[in-house]
Structures are given as C-alpha cells and as structure tokens.
Amino acid sequence: MSEDKRQQALDYHEFPVPGKISVELSKPADTVEDLALAYSPGVAEPVREIAQDADNVYKYTAKGNMVAVISNGTAILGLGNLGPLASKPVMEGKALLFKRFAGLDSIDIEVKHRTIEEFVDTVANISDTFGGINLEDIKAPDCFEIEKQLIERCHVPVFHDDQHGTAIVTAAGMLNALELQGKDIKEAVIICLGAGAAAVACMELLIKCGAQREKIYMLDRKGVIHTRRDDINEYKQLFANNTDKRTLEDVIEGADIFLGVSGPDLLPPEALKLMADKPIVFACSNPDPEIKPELAHEVRDDLIMGTGRSDYPNQVNNVLCFPFIFRGALDVRASRINDEMKLAAVEAIRALAKEPVPENVLKAARVDKLEFGQEYIIPKPMDPRLLPRVAKAVAEAAVESGVARIEMPENYMADKEA
Ligand SMILES: NC(=O)C1=CN([C@@H]2O[C@H](COP(=O)(O)OP(=O)(O)OC[C@H]3O[C@@H](n4cnc5c(N)ncnc54)[C@H](OP(=O)(O)O)[C@@H]3O)[C@@H](O)[C@H]2O)C=CC1
Ligand SMILES: CC(=O)C(=O)O
Ligand SMILES: [Mg+2]
C-alpha cells in the first residue's frame, strides 16, 4: 500500500471519531415520561414478560436484530496471530458491513483466553444476548473445535465466517468461473494453498457442489498434504492425497483451479504458467493475495482471476455472504445455519451475477459496465439485490429444512426488491 493510501486508511479510522461503529437509540428518551417508560418503572414490565416466557425477549429487546462478531485475533485476515486487541478494527469492520448491507445491529467482542474451553465458556455464557454469533479470524484447527462446541451449547446460530462465509462465496464464484471457462467441476483438478479454516471449509463445500476429493491437492507450509505424512491434524487428514507429488510446482502442472487461502505472494508466476488452459485463480489472502492480478495477467491471458480485495475485479470475499445469511437466519429465528441454507446462498449469489447490473451499482463500483464474464463472475458487495435474494433464499431453506422457529414472514423482502 502506498504511503498516501496508508495514511488515508489510518485517518478513516481515526476521524471524526475513533472507530467505525456506534450505538444509537431506537426510542425517544427526552422527557420524564419517556424515561419512566424506558427505565424505572416502565422497564419492569418487559422484564416480567420475558421472565414468564423467554420468547418475549424477541418482542421487547434488540436481540432479534443483533449479531455478535467474536474473535480471539489468532488469524487476523492473512496477517496472522496478532492477538485480540489488534483484531478490533477488522471486527468493527464486520459490524459495519452487517449494518450497511443487511440492517443488522452488530457489536464486536474480542476475547482473551488461554484454552479452547475458556473461549467456548466465555462465548456460550453471553450468547443468549444475541440473535446470532459470527465467529471471525480464529485459527485452525482451534476454530473447528470451538465452532462445534458452540453450536452444541448455544441456542442461536453460530457461524464461523472464515469457514462457511468464505466457502459459500468461493463456491458461487467458482461455479460461475467454471461455466465461463467451459469446465466441469467433476473433472477439475483443484489446488488449495492453505489448509486452515477457509481451506478446509471451501474444499468441503466444493465437494458438495460436485468436486472430486481425489482431484484436490491441499498444501500447508510443509507442502502437499499426502497420505504418508504423519504430522497432519484430523482436518488436514481428510484431504491427504495418495500421491508422490510434494511441492506446489509438482501439483499445479495441468491443474484447472488454484485457490489461495494462505498468505501473500505464495503463487510464483512460473507456477501459474504450468496450469491447464483456461485456469481459474482465486488468490483470496487479505490484504495481499497469493499473486497480484497484474502479475497473473502478465503471464496468462486465458485465466479468470479473483481476489479478496475491493479494488480489483471479482472480489471473492465473505462480505457477499455473512450479512445476508444472518439476515435470513434471524428473520425466521433459525436454530442453526445448516447445509441447505448454505447451498441456497451459493445459488442465490451465483444467479445474481448473471443479471443486468443497475446503474447505482456501476456508480458505486466506479465502472461503466459490468456483464457476466471473465471480469464479472460474482456480484459486487454494494449490489442492493443481494439482501432480498440471499436472505430470502436462506430463510426459505431454513423453513423447508425444519430449523426455522417461526414461519416465513409475509411478503418477506418484497419491499427490498423494488
Ligand atoms: N477472501 C476471503 O473472503 C477470505 C480470505 N481468507 C484468507 O485466507 C487466509 C487464511 O485464513 P484462515 O484459513 O482463516 O487462517 P488459518 O490460520 O486457519 O489457516 C492458514 C493456513 O494457511 C497456511 N499457510 C500459511 N502460510 C503458508 C505458506 N507459506 N505456504 C503454505 N501454506 C501456508 C497455514 O499452513 P499451516 O497449517 O502449515 O500453518 C494454514 O493452513 C488469510 O490470508 C485470509 O485473509 C480467509 C477468509 C476469508
Ligand atoms: C475476509 C476475511 O474474513 C479474511 O480475510 O479473514
Ligand atoms: Mg476473516
């Protein structure tokens, strides 16, 4: 990032007030009458109602529209384990996106802890306060155990965004990119650089979309994950390939897909040259991708390229999912976010990229034209149609799969479709 842009980013966060979120009141609190309703004595009435029937909490408090963004700062974007406090700007950023794109109130919570048990206890003990829990930037393999335990213990949806939000958006973009490149997911040879939270979830969801496990080569810092390695955890084990290939260069020759969910500049241009015709490269590490798009386009003119960033075409980033999947889940009070809801989100995101793009989206994206093709495989985050399309698809899937605790609201999202 240039010095100029760096300062701009710091100023954005510092001025006119520090940070990116604040709390606003939804009720008047000006007069003695207002205060007698908002606080003592009036507040005792909803207290009594909730004590009698816990469901009344959705009627009388902000719970039903509130998501907690919770991190321990152990895998902050691709910057690594920089601790809970340093993760705060990212978590405030996620809260900003929840509000901006889905109207959901959101608060960031950064947890200092020693053991997985301590983290899980902390989150489980406060979870009833919120309509949903969005876990963020927690490193693998801890994230898998943490999410599993929290799903068991919490009464509201728990969703590790780096796993499932990333996987949903990757699958949506990948299916479109494969279609454009004329390739079949069942035949595709897939290289996944990174073997953590995002990698494991992305590969599992691509398999649900038709990818063949044996055609996937996953790599961590030590190279290819293969069946003769004895240093891999149970999650990497699921992707141990029975192969003699050991390095990125070994596996990438003739591959159709490269997904980077690892770190900056880890895909050398020489390796990209080895890929099959019409390759797909999603270099999703933030803020710095596994290969810069300029460099990738220099060595290949037949590729479809995506990154996690806002300032290049094809932003493959979980922002296209998490605001909307929570919106849909909360609006039907889903008890969990299941595979049916995830696959519904994939299809809804994917389908939107094939529709004509409205003028206001072009304006916000600072482009003259966007048309389904190499440079536009996935919607822009500021596309207002994402909210009604994805939230509705998710809510309907929740109802149909039996995890919704209330019925589909009448004319759900109709006003947002205009
Ligand atoms: N665009 C998007 O929407 C998203 C992008 N990401 C990006 O994906 C990356 C990983 O995030 P996440 O999965 O949450 O983090 P994790 O900490 O869970 O996993 C990181 C993985 O990257 C691997 N890795 C790191 N450096 C190298 C290297 N030099 N060579 C090979 N593998 C390497 C690690 O290997 P090992 O297991 O050996 O330590 C580990 O498997 C980050 O850059 C993040 O920004 C994540 C989520 C969403
Ligand atoms: C986008 C995101 O969540 C990440 O890079 O971690
Ligand atoms: Mg993240």
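All residue numbers in this chain count up from 1 along the given sequence. Counting convention: from 1, in listed order, for ligands and their atoms alike.
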- Message: Distance under 4.0 Å to a non-hydrogen atom of Leu193: what atoms of ligand 1 satisfy this?
- Response: 31 (C)
- Is it the case that more than 12 heavy atoms not belonging to Glu407 sit under 6.0 Å from its CD atom? no
- Decide yes or no for Phe130 and Val67: does some side-chain heavy atom of the first lie under 4.5 Å from some side-chain heavy atom of the second? no
- Side-chain donor or acceptor of Gln163 paired with backbone N/O of Ala197 under 3.5 Å: no
- Query: Are there more than 12 heavy atoms of other residues, nucleotides or ligands under 6.0 Å from atom CG of Leu85?
  - Reply: no
- Message: Checking the N or O distance criterion of under 3.5 Å, is ligand 1 in contact with Gly78?
- Response: yes
- Proximal ligand 2 atoms for Glu136, defined as those under 4.0 Å from one of its heavy atoms: 3 (O)
- Item | Pairwise ring pair (Phe, Tyr, Trp, His ring centres under 6.0 Å) hits with a residue in residues 85-104, at least two apart | Phe98-Phe322, Phe98-Phe326
- Message: Quick one: does any side-chain atom of Arg309 pair with a main-chain N or O of Pro287 as donor and acceptor, under 3.5 Å?
- Response: yes
- Would you check whether Gly308 has a nitrogen or oxygen atom less than 3.5 angstrom from a nitrogen or oxygen atom of ligand 1? no
- Check: His226/Asn242 side-chain N/O donor and acceptor closer than 3.5 Å: no
- Task: Measure from the side-chain N and O atoms of Arg300 to the backbone N and O of Lys273, and report whether any donor-acceptor pair falls under 3.5 Å.
- Result: yes
- Task: Restricting to N/O/S, name the atom of Asp137 that gets closest to the Mg ion (ligand 3).
- Result: OD1
- Asp162-ligand 2 polar pair, N/O distance under 3.5 Å: yes
- Message: Within ligand 1, which atoms have a heavy atom of Asn318 less than 4.0 Å away?
- Response: 3 (O), 48 (C)
- Examine Ile138 against ligand 1 and note whether any of their N/O atoms are separated by less than 3.5 Å. no
- Query: At under 4.0 Å between heavy atoms, which part of Leu266 makes contact with ligand 1: side chain, backbone, both or neither?
  - Reply: side chain
- Note on the structure: Quick look: Asp137 vs ligand 2, heavy-atom contacts under 4.0 Å, and the answer is side chain
- Distance from atom 2 (C) of ligand 2 to nearest protein heavy atom, with residue and atom: Asn318 ND2, 3.6 Å
- Is there a nitrogen or oxygen of Asn286 sitting under 3.5 Å from a nitrogen or oxygen of ligand 1? yes
- Message: Heavy-atom distances under 4.0 Å decide this one: backbone, side chain, both or neither, for Lys94 against ligand 2?
- Response: side chain
- Query: Is it the case that more than 12 heavy atoms not belonging to Lys20 sit under 6.0 Å from its NZ atom?
  - Reply: yes
- If you have a sec, work out which protein heavy atom is nearest atom 5 (O) of ligand 2 and how many Å separate them, to one decimal? Asn286 ND2, 2.8 Å
- Message: With the threshold set at under 4.0 angstrom, would you say Lys236 reaches ligand 1 through any of its heavy atoms?
- Response: yes
- Between Glu417 and Lys392, is there a side-chain N and carboxylate O pair less than 4.0 Å apart? no
- Tell me the ring pair (Phe, Tyr, Trp, His ring centres under 6.0 Å) pairs involving residues 162-208, sequence neighbours left out? Phe159-His164
- Under 3.5 Å: donor-acceptor pair, side chain of Glu118, backbone of Arg114: yes
- Item | the Mg ion (ligand 3) reached by Glu136 (N, O or S, under 2.8 Å) | yes
- Item | Residues Asp231, Lys222: salt bridge by 4.0 Å N-O rule | yes
- Item | Asp162 N/O to ligand 1 N/O under 3.5 Å | no
- Task: Please state which part of Ala195 comes within less than 4.0 Å of ligand 1, counting heavy atoms only: side chain, backbone, both or neither.
- Result: both
- Mark up the atoms of ligand 1 that fall under 4.0 Å of a heavy atom belonging to Val261, in ascending order. 8 (O), 9 (C), 10 (C), 22 (O)
- Item | Leu259/Met203 under side-chain contact (heavy atoms from CB on, under 4.5 Å): CA gap, chis, key distance, verdict | CA-CA 9 Å; Leu259 174 67; Met203 290 305 113; 3.5 Å; yes
- Task: Flag Ala198 as yes when one of its N or O atoms lies below 3.5 Å from any N or O atom of ligand 1, and as no otherwise.
- Result: yes
- Task: Could you pull out the atom name of the N/O/S atom in Asp162 that is nearest the Mg ion (ligand 3)?
- Result: OD1
- Item | Any N or O of Gly196 closer than 3.5 Å to N or O of ligand 1 | yes
- Task: Examine the proximity of ligand 2 to Asn317 and report which part, side chain or backbone, both or neither, has a heavy atom under 4.0 Å away.
- Result: side chain
- Message: Using heavy-atom distances only, which candidate in Val316, Val319, Asn233 approaches atom 1 (N) of ligand 1 most closely?
- Response: Val316
